[in-house]
Amino acid sequence: MSKTRRWVIILLSLLALVLIGFNLVDKDTTPPPVVNSNDPTYKSEHTNTVVYNPEGALNYRLIAEHVEYFSDQAITWFTRPVLTTFDTNKVPTWSIRSDKAKLTNDRMLYLYGHVEINALTPDSQLRKVTTDNAIVNLVTQDVSSDDLVTLYGTTFNSSGLKMRGNLRSKNAELIEKVRSSYEIQNKQTQP
């Protein structure tokens, strides 16, 4: 091989190495696009979410007019949500609605504005619960509120502050400043 040919090969190899080096060096001086953390990751209109328990039985259904999910906070906001819970026989037991709701990553549903919980089974003594704000644990179905709560039963009405209850066991307890009224039904005796 001639010396000139050897020098040409060496020069071309060096030129190729320099070009590869330039391509590997990050020359992009433009900053990455700025993502506003106040913007939702996604939005949806008229959603219908169905959740099943680990055994495959229907656990609850959540319908909302508008949904916004924020991935950096792992929070979902619902507008005009309606939550329907189901028992182990797939029978709807409770309907829960509010003006707005926030679902966190730990399956806690925070309800805001005109919260109304209605029994969907005829055997429930507790028929309806109303309050301004409430929290529902979607795993255990515990429900609580620190606001004024009114309970409507088949033969009673009660109001008070700070309610704790459970939707599965169909019970609710008012903790402070409780006022109740009862309807006593007279039994008709036959002559």
Side-chain angles (χ1 to χ4, degrees), residues 40-71 73-175 178 180-183:
T41 306
Y42 72 81
K43 296 179 183 181
S44 179
E45 300 293 329
H46 307 291
T47 61
N48 188 351
T49 305
V50 180
V51 176
Y52 296 88
N53 66 20
E55 291 80 36
L58 185 59
N59 196 13
Y60 63 88
R61 179 178 62 215
L62 182 58
I63 300 170
E65 289 181 9
H66 180 77
V67 177
E68 291 184 352
Y69 175 71
F70 297 86
S71 61
Q73 303 162 352
I75 291 176
T76 307
W77 281 97
F78 300 93
T79 303
R80 309 284 302 152
V82 178
L83 173 72
T84 305
T85 62
F86 295 85
D87 65 9
T88 55
N89 298 323
K90 302 176 193 161
V91 175
T93 53
W94 295 96
S95 172
I96 305 166
R97 61 183 63 236
S98 68
D99 294 337
K100 204 158 179 70
K102 174 176 73 171
L103 178 64
T104 59
N105 206 22
D106 57 352
R107 303 282 185 242
M108 297 296 286
L109 185 65
Y110 297 84
L111 303 159
Y112 304 103
H114 302 99
V115 178
E116 188 175 301
I117 303 171
N118 290 299
L120 300 176
T121 56
D123 64 337
S124 178
Q125 293 295 312
L126 182 59
R127 303 303 308 153
K128 181 178 176 181
V129 178
T130 60
T131 186
D132 285 333
N133 300 298
I135 302 170
V136 178
N137 183 325
L138 295 176
V139 177
T140 63
Q141 291 194 2
D142 288 330
V143 61
S144 64
S145 177
D146 289 335
D147 295 332
L148 176 65
V149 178
T150 304
L151 306 176
Y152 301 93
T154 53
T155 59
F156 70 93
N157 290 341
S158 293
S159 63
L161 298 175
K162 295 188 179 181
M163 178 200 67
R164 304 289 179 261
N166 186 280
L167 298 173
R168 281 195 187 112
S169 61
K170 300 177 184 176
N171 67 24
E173 175 186 6
L174 296 172
I175 300 174
V178 178
S180 296
S181 61
Y182 296 92
E183 177 184 328

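Note that the structure is a prediction, hence the values are computed from the model and not measured.
A side-chain donor-acceptor contact under 3.5 Å links Asp147 to the backbone of Asn133. Here the side chain of Asn166 pairs a donor or acceptor atom with the backbone of Arg168 at under 3.5 angstrom. Although no hydrogens or angles enter the test, the distance criterion places a donor-acceptor pair under 3.5 Å between the side chain of Thr131 and the main chain of Leu148. With hydrogens and angles disregarded, no donor-acceptor distance shorter than 3.5 Å links the side chain of Asn157 to the backbone of Thr150. With Thr41 contributing its side chain and Ser71 its backbone, the two residues share a donor-acceptor pair below 3.5 Å. Between the side chain of Arg127 and the backbone N or O of Leu151 there is no donor-acceptor pair closer than 3.5 Å.
Gln141 places none of its side-chain heavy atoms less than 4.5 Å from the side chain of Tyr60. Contact check for His66 versus Trp77: no side-chain heavy atoms found under the 4.5 Å cut-off. Side-chain contact between Leu58 and Tyr52: present, with at least one pair of heavy atoms (C-beta onward) separated by less than 4.5 Å. Counting only heavy atoms from C-beta outward, the side chains of Lys170 and Asp123 approach each other to under 4.5 Å. Put simply, the side chain of Trp94 reaches to within 4.5 Å of the side chain of Leu126, judged on heavy atoms.
Enclosure of atom CG in Asn48 by more than 12 non-hydrogen atoms of other residues, nucleotides or ligands within 6.0 angstrom is indicated.
Minimum interatomic distance between Arg61 and Ile63 (heavy atoms only, all atoms of both residues): NE-CD1, 3.8 Å. Glu65 approaches Glu45 most closely through the heavy-atom pair O-OE1, 3.2 Å. Contact record, Ser124 with Thr154: O-CG2, 3.9 Å, taken as the closest heavy-atom pair. Listed here is the closest heavy atom pair of Phe78 and Ala64: CD2-CB, 3.7 Å.
Residue Ser44 holds its OG atom at 10.5 Å from CD of Glu68, rounded to the nearest 0.5 Å. Atoms CG and CE, on Asp142 and Met108 in that order, are 8.0 Å from each other to the nearest 0.5 Å. Here His114 contributes atom NE2 and Ser98 contributes atom OG; the two are 10.5 Å apart, rounded to the nearest 0.5 Å. Note that CD1 of Ile117 is 5.0 Å distant from CE of Met163, once rounded to the nearest 0.5 Å. Here the CG atom belonging to Leu83 is positioned 10.5 Å from the CZ atom belonging to Arg97, to the nearest 0.5 angstrom. Note that the NZ atom of Lys102 and the OH atom of Tyr112 stand 4.0 Å from one another [nearest 0.5 Å].
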Legend entry - Stepwise side chain to side chain contact (heavy atoms under 4.5 Å, CB included) test for Tyr110 and Ile135: CA-CA 5 Å; Tyr110 297 84; Ile135 302 170; 3.5 Å; yes

Inset, instruction - Dump the intermediate steps for side chain to side chain contact (heavy atoms under 4.5 Å, CB included) on Thr79 and Lys100, then the final yes or no. - result: CA-CA 5 Å; Thr79 303; Lys100 204 158 179 70; 3.8 Å; yes

Legend entry - Stepwise side chain to side chain contact (heavy atoms under 4.5 Å, CB included) check, Arg80 with Asp99: CA-CA 5 Å; Arg80 309 284 302 152; Asp99 294 337; 2.9 Å; yes

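Donor-acceptor pairing under 3.5 Å is lacking for the side chains of Glu116 and Thr130.
Exactly one residue among Asp87, Leu120, Leu167, Thr84 makes a side-chain contact (heavy atoms from CB on, under 4.5 Å) with Thr93. That residue is Asp87. Residue Pro81 is tested with Ile96, Leu103, Leu62 for a side-chain contact (heavy atoms from CB on, under 4.5 Å); the sole match is Leu62.
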